[in-house]
Amino acid sequence: MPPQRGQGQWALGHREPLNQNERVKRDDDGLNARQRVIDRYQYTGFDSIDPADLRGRFRWLGLYTQRAPGIPGGRTAVLEPEELEDRYFMLRIRIDGGTLSSEQLTAIATIATEFGRDVADITDRQNIQLHWIRIEDVPEIWRRL
């Protein structure tokens, strides 16, 4: 019998078990996490978020946990993810070609003012990042975007 081919494993020779990130991808579609934000997490809050969504699938949606205040960068390698996380998110808004209409820019500025402590960062890849976003506010932000 020929050896079984790998199914997306990163390990050389495809003989090692899936790593944690690959298991998360295998176990559930990232778009299902979007629906959970809308149907559940906005009502039940940060503490109810499944860790696989929080540290994995949310990234497919442009949502990243922010680092808790007061943790120096050198400590990030020795602390567990739950020790690093704040209860807020950074939301990355992809801007194709770095071009926005005045209406789109106004909508993002309004969202930043109402939900992100009046701050929006423009990245070197011409995307926009909003900080201090609460999970409870994410569905309304998506609706406005």
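- Checked against salt bridge (Lys or Arg N to Asp or Glu O under 4.0 Å), R144 has the following partners two or more places apart in sequence or in another chain: E114, E140.
- At distances below 3.5 Å, not a single donor-acceptor pair connects side-chain atoms of Q42 with backbone N or O atoms of V138.
- Between R87 and D47 there is a side-chain heavy-atom pair separated by less than 4.5 Å.
- No more than 12 heavy atoms of other residues, nucleotides or ligands sit less than 6.0 Å from atom CZ of R125.
- Looking at Q66 and W132, their side chains come closer than 4.5 Å, going by heavy atoms from C-beta outward.
- Annotation for L145: atom CG counts as buried by contact number, over 12 foreign heavy atoms lying within 6.0 Å.
- Among all heavy-atom pairs drawn from R57 and A33, the shortest one is CB-CB, 3.8 Å.
- Atom OH of Y41 has more than 12 neighbouring heavy atoms from other residues, nucleotides or ligands inside a 6.0 Å radius.
- Hydrophobic clustering (ILVMFWY, side-chain heavy atoms < 4.5 Å, transitive): L61 and I128 are in one cluster.
- Under the 4.5 Å side-chain heavy-atom criterion for ILVMFWY residues, a single connected hydrophobic cluster contains both I141 and F58.
- Between F46 and F89, the ring planes are tilted. Angles from 30° to 60° get that label.
- Ionic pairing of D28 and R36 is present here: one or more N-O contacts between side-chain nitrogen and carboxylate oxygen are shorter than 4.0 angstrom.
- Linking ILVMFWY residues whenever their side-chain heavy atoms come closer than 4.5 Å, directly or via other members, leaves V119 and M90 in distinct clusters.
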